[in-house]
Amino acid sequence: MTLSAGTALVPGTIPVEVAPYALVRLSVLPYPRRGPAARQYGRLFAAAVACERDLIALAEPLSADLYASRPDHSEDFHRTVVLPLRRDVHNRRDPTAAVRRALGDLPVRMPLLDAWLRTVDERLRLRAALAAAAGPALTDDRAATAVICADEWVRRAAALSSPTLLSGLERAAAHGGTADARGRKAEPKILRYALRATTKTSPWSWFTPVGWGRWQPGGAGPHRLEPTAISLPNHAMVTSLLRGLLAMPQHRRGTAYRSAPALRAGAGQVEFQRDEPAGEVLYSMYAQHQVRLPHTPALDVVLAELRRAGPAGRTAEQLAAALAVRLPAGAPDTAALRYVERLADERLLLPIPPIDPQTPDPLPALAGWLAGHGDAELAGTLRRVGADTRRFSGLSAAERPPVLRRLTAEWQWAFAAIGQPMPSVPVVREDVVLPGVSSLGRRAGADCRADLSRVAPLAELFDNAVVTRALLRRRLLDRAGPGGRCRLPELMTDAAQLWSAAAAITPDGTVLDGTDTIPADVAELAALRRQITAAAHACPQRGDELELTGDLIDEAAAALPDWLMRRPASYSWFVQPFRDGARTGWCVNTVGDGWGRYTSRFLGMLGPEPPASVAAQLAAVFRGGRLAQFRPLSGFNPNLHPLLTGDEIGEDPAWATLALDDLEVVHDPRDDVVRLRIAATGEQLDVLYLGFLMQPILPDRVAPLTLDLGGASAQLSHLAPARPASVAGFATEWSRRLRYRSLVLSRACWTLPPPAVAALVADLRAGGDVPYAAAARWAAGLGLPESVFVSGRPFAFADPEAVRAYLTDPKPQFVDLGSALHLRCLARLLSGHSGLVRLTEALPVPGEGPLGRHATELIVETYRQKGAHR
């Protein structure tokens, strides 16, 4: 393959550095070992699947032989025996007793038929054996699940999630290997949480401890020190309460104000943006509105006073006093204050929060502020809530429910006291960390770093944030011309069009809206994506794997457009170590923003080394430049993270060194890129947003901040072509495993459309309590491995249906098809999905990783310096 004439194929054509550290995420418990009855059941199921596969392999040639045998026997024999037999062969059905009796010497004359009949008989034997083994296997599986349910750490996490869940776990633990009618009904939910604790690594309370590791020769891997829990109030609750407090007249007095965002005074009117509260889920939601008010001399006085005040702001009384001296004689004494209060009601004036939004535990400071405003009773309530919340992390599972009930009651009282509804969110957020630093060596995949460095440019090629930034550049050039500049909110008018245009460029280079509607640089990138995708599809195949070649990787890197390289780049690679023969490989789960983003929420909990390490890494990349952070919280605890740079950008200048209104977007004609800079000085900034609320959730006006270096969402799975397949009469898709040397870039995946899912669920439900026969037929028809993860349609912000499915459908869940308990719960799991279902090979299989039986995921960061050209 040749992408650019004269390109030298030199390994590592773009120098990429792997950070010397990695975030380590572990399942809180190891995956349990199978009991003897469960192991025997698994062996029987594997044999049953093998029989089904043999029957599939025999179907076509045997059908052809049967068809060709017509001249060898009578028409009546062909009609009454051969034709029914051909239908049975095609449908993998057992022939009737009458057909078998009438076969005569046909199996002797047709060796394939003899093999098929022996396979059918073996399947019957295995089904009988599976029926007999199901009960003891269920007992083994339930006993293993009961041990998980009895674990104190798992019960602590369950108590935080729901008292009902904790009760269900306790019931399952008490019953051990047996289950009554109530327990059997709850079994799918109990199994889901048992698997959550043993197969998944997404942080949530005690389900997933998080630690810090450094790459060191001979490192032993993640340590097993005692985890430490940190409990904090839910900031969605604090944000909602504070918003209600600052709307009350008694708390407005003495509170300083700032101006609304995106404020612009024009002839006859003033425009600004108002963020209307729209409820709380895991974060505080807002709806953005453009507001216009009359531009009056009185308003000019207020705005001038705010400009003079700077970050400190002005109270309503101070603004009214400055305005009153300019009112005409005879004006009422209260007229100035009433005018200022109307501006506050319109939210042109916004109260400055009395506490730093990034304070992890804000309740003591908020209580102190309330006490200073004379509200001692509410202050006392918040102090009790804060103390109970801090103590919560040390409570046992049994102690947690009453404390949660007390905390909920205290919060309910607090909201009732200010006349506001309480948000329906958990009152406590908890994270669990592993103290100290793990030593990560070859068993953890240290040798994979060279391959990751070499393949990293593919992330840039297939990152849609690159497309969005290119479209943002085109938007600025169209608005202001080369070297032009623009205020951030003005550039982001009609932001929905920008998101839509970016989503129209798919990872494989397809342009959904037509090439005539996109800029030349984006069209160039889309064409390169198509070339690389086509070349990848033509790479060598080894069984069920497609192997990307080094030449492809290097030529793709060499062909990356120069404009893409003019800013530095960083990516986080979520990898799971797996046994790759005698060595350790990495299986890539996902690729997202680097820059320390996925370490950020834990840096303040892990001790002094991690934040210092990330800060040093960032300083090395941005040496000589001015680096700033943007840290919006929106009531979302994972957006709490320490300041790693000298500057912070914020909409509230009281809590930031640089205000949003201090900045502008500018086209840098030297590098032909869009940059952020301080309007007053012209100094350029590199801006990091290390939070987890994606841009469509945040106000459109801040998009240039979140996209300056971030917003990455790189996809590589399309490089393995999706092949159509027909299973049980339904069209499905199958993608091979995609590999580059020690890296599995995407797992083998099977996609079932809704009709196929419905048919599979119906077959499972018709198959009895443990539907081994139906599961074996579908597993063989699809070519599934024994261990898979079941998930729904991929998440995509531009697709409302995908967003809805992400919020409502079951999260990915491990399924061991050789487990009687997993098969018993499979129909319920599948039926919970509202659309298509994806079955992805489990790699590594839970309990079989090189670092032990705990599920282990590493977040490894790659960095490329600005202008690191070939």
Side-chain angles (χ1 to χ4, degrees), residues 10-26 201 210-223 437-463 547-554 556-557 560 568-599 609-610 613-614 616-618 620-621 712 714 716 738-747 843-844 849-851 856-865 868:
V10 179
T13 52
I14 296 178
V16 173
E17 174 189 6
V18 176
Y21 51 77
L23 197 72
V24 182
R25 312 202 306 191
L26 300 172
T201 57
V210 177
W212 189 257
R214 276 198 164 270
W215 299 109
Q216 296 175 345
H223 56 66
V437 179
S438 295
S439 176
L440 304 177
R442 300 186 73 174
R443 286 180 58 221
D447 293 343
C448 301
R449 289 176 295 168
D451 292 339
L452 185 65
S453 175
R454 191 171 178 185
V455 85
L458 285 184
E460 294 195 63
L461 174 59
F462 295 111
D463 176 9
E547 173 91 25
L548 297 183
T549 65
D551 285 358
L552 171 66
I553 299 293
D554 293 337
L560 288 179
S570 177
Y571 291 90
S572 290
W573 300 75
F574 292 67
V575 300
Q576 286 188 262
F578 72 98
R579 297 183 191 276
D580 192 16
R583 61 180 182 175
T584 294
W586 279 348
C587 189
V588 177
N589 289 335
T590 189
V591 185
D593 274 332
W595 312 117
R597 178 181 183 184
Y598 290 93
T599 70
E609 177 176 318
S613 297
V614 175
Q617 181 71 30
L618 296 175
V621 174
L716 302 175
L738 178 70
R739 175 190 283 272
Y740 172 66
R741 292 171 55 87
S742 65
L743 306 175
V744 169
L745 300 173
S746 68
R747 297 170 173 88
L843 184 70
L851 296 174
T856 305
E857 184 179 49
L858 309 175
I859 301 180
V860 183
E861 292 178 358
T862 57
Y863 287 84
R864 174 185 59 75
Q865 295 277 355

Trainee: Does some side-chain heavy atom of Y571 sit less than 4.5 Å from a side-chain heavy atom of D463?
Mentor: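 The answer is yes; the side chains approach within 4.5 Å.
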
Trainee: So do the side chains of L843 and Q576 get within less than 4.5 Å of each other, counting heavy atoms only?
Mentor: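 No; the side chains remain at least 4.5 Å from each other.
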
Trainee: Any side-chain heavy atom of V860 within less than 4.5 Å of one from W215?
Mentor: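 SC-SC contact between V860 and W215 confirmed.
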
Trainee: Which atom names give the shortest non-hydrogen contact between D580 and S742, and what distance separates them?
Mentor: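 Heavy atoms only, the tightest pair is OD2-CA, 4.3 Å.
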
Trainee: Count the heavy atoms of every other residue, nucleotide or ligand shown that sit under 6.0 Å from CZ of R442, and state whether that count exceeds 12.
Mentor: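 Result for CZ/R442: open.
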
Trainee: With heavy-atom distances below 4.5 Å as the criterion, would you say the side chains of D451 and W586 are in contact?
Mentor: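 No; the side chains remain at least 4.5 Å from each other.
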
Trainee: Is any side-chain heavy atom of Q617 less than 4.5 Å from a side-chain heavy atom of S570?
Mentor: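 Counting from C-beta outward, Q617 and S570 never come under 4.5 Å.
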
Trainee: So do the side chains of E460 and V16 get within less than 4.5 Å of each other, counting heavy atoms only?
Mentor: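 Heavy-atom side-chain distance check fails, nothing below 4.5 Å.
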
Trainee: Start with the C-alpha gap between W573 and V455, add the side-chain angles, then the distance that decides, and say whether side-chain contact (heavy atoms from CB on, under 4.5 Å) holds.
Mentor: CA-CA 11 Å; W573 300 75; V455 85; 4.1 Å; yes

Trainee: Do we see a donor-acceptor contact under 3.5 Å between the side chains of Y21 and E861?
Mentor: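 Per modelled atom types, Y21 and E861 side chains form a pair under 3.5 Å.
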
Trainee: For a 4.5 angstrom cut-off between non-hydrogen side-chain atoms, does S453 reach V18?
Mentor: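 Yes, close enough: below the 4.5 Å cut-off.
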
Trainee: With a 4.5 Å heavy-atom cut-off, do P15 and Q865 have their side chains touching?
Mentor: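 When only atoms from C-beta onward are counted, Q865 and P15 do not touch, as no gap falls below 4.5 Å.
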
Trainee: Please name the pair of heavy atoms, one in G596 and one in V614, separated by the smallest distance, quoted to 0.1 Å.
Mentor: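 Heavy atoms only, the tightest pair is CA-CG1, 4.1 Å.
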
